[in-house]
Amino acid sequence: MRSSRLLTLLTAVVAVGALSAPASGAATSFGADISYQTIPGEGGTPMRGFVVKPTGRGDGPFPLLVMPASWGAPNLEYVGAARKLAAESGDVVISYTSRGFHDSGGEIDVAGPDTVNDVSRVIDWALANTPADVNKIGVAGISYGAGIGLLAAANDKRVKAVASMSTWADLEASLYPNETISQLSAGGLLAAGQLTGRPGPDLRRITAEFLQGKIDYARQLAPSRSASTKVDEINANGAAVFIANSFQDAIFPPNQAVDFYDRLRTPKRLLLQGGDHATSEVLGAVGLSNDVWDAATAWFDRYLNGIDNGIDRTPPVQAMSANAGKWHGYPTWASAATTADTVSLDTKAFVSGVDSAANSGIPILSGALQGYFKIPVGVFVPAVLNAGVWHGPVYSTATTVVGKPKLAATVKSSNADTTLMAYLYDVDPAGFGALVTHKPYTIRGTRTATIDFALESISWDVPAGHHLALVVDSVDLRYTSESKAGLVKIGGTLTVPRR
């Protein structure tokens with residue numbers, strides 16, 4: 001996947017510079033020692049990584065942070081952040097290439113038992129070979145490394161804190177939302193695995209099925225590879241969990257992370273903001289100032305270093321509107337909205353299997369443009385043909401859509417299998433719409449169905465004089481569509497949470 005490789009390259013280039021740069025704000029007597037090591041993983045498989053130790057702080061012991069690299073990324077990914085954490089917080093940090101990729105040994109097992117146990121073996125090695133504190137161990141990561149960190153928190157009681165960024169908690173919900181294959185995201189991940197690593201038997205079978213348009217085996221494996229099935233173990237072990245995801249994440253969209261967060265009973269924190277997969281964290285990974293990594297550092301300072309920095313006394317859910325630049329805190333994500341609008345959707349008909357002008361944009365690129373530059377995926381709503389289009393009332397004052405908009409509808413189709421794409425737009429007085437959020441839904445084996453589902457979580461500031469519009473069609477290049485040529489009729493209600 002080109003965008004994934006570009007992010008990896010950017011990370012590597014900036015991280016190289018970070019190796020020799022002084023850590024910002026660090027006292028001059030504090031620094032970091034960096035070495036490249038071969039660490040025995042599960043079964044003795046060599047894991048290769050950078051070991052970063054604090055200097056100028058005595059002999060320790062020091063908190064330990066283990067950082068498994070992202071899917072397709074090398075161990076250089078986190079070295080900039082690792083150096084900063086060692087110099088400024090006094091942590092021992094190990095950034096290693098995940099099993100099966102690049103310079104580490106073994107084969108890619110898609111976050112299987114060996115990959116999860118690798119975290120424990122890296123901890124074992126660190127306790128024996130570095131001044132790491134057995135009572136102060138954390139795991140941090142982005143994407144693949146983020147999910148591995150959550151699984152490790154369920155697997156190893158020594159893990160006391162986790163920072164999980166652009167994470168998956170439910171693989172099936174991420175890559176098969178509402179029984180719809182997220183073909184560009186899944187295909188990109190599979191291609192990156194082939195290009196940067198050595199696929200094991202599970203990944204080879206998943207890839208072969210995907211090329212046939214099936215994901216049966218991936219769905220079979222998903223529960224064992226998803227932290228959402230291991231919440232009880234995480235709660236019992238008690239690790240403090242920090243989660244950061246982006247609203248436009250094309251690979252691991254926010255709802256699955258929010259639903260997982262809601263079930264945690266340990267100290268927890270959730271950050272949500274505009275952007276796409278890993279785009280909100282990549283600069284922080286290389287050691288530059290970044291809201292997510294700054295918050296993650298404060299999280300580890302509190303729950304590993306024991307520093308009373310107040311992070312546990314601020315609202316645990318922090319969200320920045322995708323088209324604005326200010327953080328807001330809430331006790332829970334559900335409580336972020338103080339009211340809701342219900343829009344009646346009179347029955348409309350359109351031809352299925354034929355695209356409209358509405359779309360979800362280009363994975364990674366579109367979300368990055370939204371996150372960095374506030375440039376949304378747009379459409380001229382009056383030009384949207386061959387779709388159901390419904391308009392809400394014009395807002396006389398500015399409002400914020402916050403939470404999970406929900407669509408409840410009755411669908412009648414001339415085909416037994418029908419894929420629907422629901423898009424919510426913020427429409428200005430001239431009719432130009434900015435994509436707020438979206439979600440696919442596939443109906444299988446029936447021509448009449450009642451559907452009720454949430455669009456992806458969002459915080460979006462709607463200016464006065466604008467209104468919301470819902471568009472439903474049956475084709476989006478991001479997803480596999482089961483719709484064939486035919487007629488679809490749909491009507492129901494849209495509920496929009498806001499404050």
Side-chain angles (χ1 to χ4, degrees), residues 3 7 142-143 146 164-170 173-175 177 182 184-185 242-262 269-282 284 290-292 295 317-330 332-334 336-337 359-378 399-407 421-426 433-440 453-462 468 470 476 478-479 496-499:
S3 52
L7 284 173
I142 298 171
S143 187
S164 190
M165 297 166 274
S166 286
T167 192
W168 92 86
D170 187 327
S174 297
L175 300 176
S182 185
L184 293 187
S185 296
F242 170 98
I243 294 173
N245 272 60
S246 297
F247 290 124
Q248 287 80 31
D249 195 316
I251 300 177
F252 302 137
N255 279 2
Q256 51 89 34
V258 169
D259 293 345
F260 169 78
Y261 170 87
D262 286 342
R269 194 166 186 84
L270 174 67
L271 267 63
L272 297 169
Q273 63 181 316
D276 214 309
H277 188 69
T279 61
S280 297
E281 300 92 24
V282 64
N290 176 273
D291 285 349
V292 175
V317 176
Q318 297 286 323
M320 180 190 293
S321 287
N323 61 335
K326 183 179 180 181
W327 291 97
H328 295 275
Y330 309 100
T332 65
W333 185 232
N359 69 88
S360 61
I362 302 170
I364 307 298
L365 176 60
S366 294
L369 290 173
Q370 180 68 65
Y372 289 133
F373 306 110
K374 311 305 179 189
I375 300 174
V377 176
T399 190
T400 299
V401 176
V402 59
K404 301 176 182 177
K406 294 183 178 180
L407 173 61
M421 305 293 172
Y423 311 91
L424 184 64
Y425 289 97
D426 169 5
L435 183 64
V436 176
T437 183
H438 80 281
K439 191 81 170 185
F453 66 97
L455 279 65
E456 288 298 335
S457 290
I458 189 63
S459 179
W460 185 280
D461 292 354
V462 182
L468 298 175
L470 177 72
D476 189 301
R478 185 177 297 205
Y479 304 98
V496 181
R498 62 182 182 90
R499 63 173 174 83

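Throughout, residue positions are numbered sequentially from 1 according to the sequence presented.
By the 4.5 Å heavy-atom criterion applied to side chains, Q370 and N323 are counted as neighbours. In this structure, the side chains of S143 and I251 stay at 4.5 Å or more apart for every pair of heavy atoms. Annotation: side chain of F247 is in contact with side chain of L272 (closest heavy-atom distance under 4.5 Å). The side-chain heavy atoms of L435 and Q248, taken from C-beta on, include no pair separated by under 4.5 Å. With a 4.5 Å cut-off on side-chain heavy atoms, W333 and V402 count as touching. Contact of the D291 side chain with the W327 side chain is registered, since non-hydrogen atoms from C-beta on lie closer than 4.5 Å. Between Y372 and T279, some side-chain heavy-atom pair lies under the 4.5 Å cut-off.
The shortest non-hydrogen separation linking W460 to A434 is CZ2-CB, 3.8 Å. Minimum heavy-atom separation, P405 to T437: CG-CG2, 4.1 Å. Nearest heavy-atom pair across H277 and S166 is CE1-O, 3.3 Å. Across G275 and S246, no two heavy atoms sit closer than the pair O-CB, 3.1 Å. When all heavy atoms are compared, the tightest approach of A250 to D276 is N-OD1, 2.8 Å. Taking both residues in full, the closest heavy atoms of L271 and A295 are given as CD2-CB, 3.9 Å, listed atom of the first, atom of the second, then distance.
Taken to the nearest 0.5 Å, the CG atom of N245 stands 13.0 Å off from the OH atom of Y261. Atom CZ of F260 and atom OG of S164 lie 7.5 Å apart (nearest 0.5 Å). Of the inter-residue distances, the one linking Y423 atom OH with L470 atom CG reads 11.0 Å to the nearest 0.5 angstrom. Of the inter-residue distances, the one linking I364 atom CD1 with L369 atom CG reads 11.5 Å to the nearest 0.5 angstrom. The CZ atom of R498 sits 4.0 Å away from atom OG1 of T399, with the distance rounded to the nearest 0.5 Å. A distance of 11.0 Å separates CG in D170 from CG in N255, rounded to the nearest 0.5 Å.
In this structure, the side chain of E456 does not engage the main chain of K439 through any donor-acceptor pair within 3.5 Å. Side-chain atoms of Q256 never come within 3.5 Å of backbone atoms of S174 as a donor-acceptor pair (strictly under, hydrogens ignored).
Across S185, S360, S366, S182, a single residue satisfies side-chain hydrogen bond (donor to acceptor under 3.5 Å, both in side chains) together with R478, and that is S360. Remark: of the listed residues I458, V462, V401, T400, T400 is the sole one forming a side chain to side chain contact (heavy atoms under 4.5 Å, CB included) with S321.
Using a 30° and 60° split on the angle between ring planes, H438 and Y479 fall in the tilted class, from 30° to 60°.
K404 has a carboxylate O that lies under 4.0 Å from a charged side-chain N of D259, or vice versa, which qualifies the two as a salt bridge.
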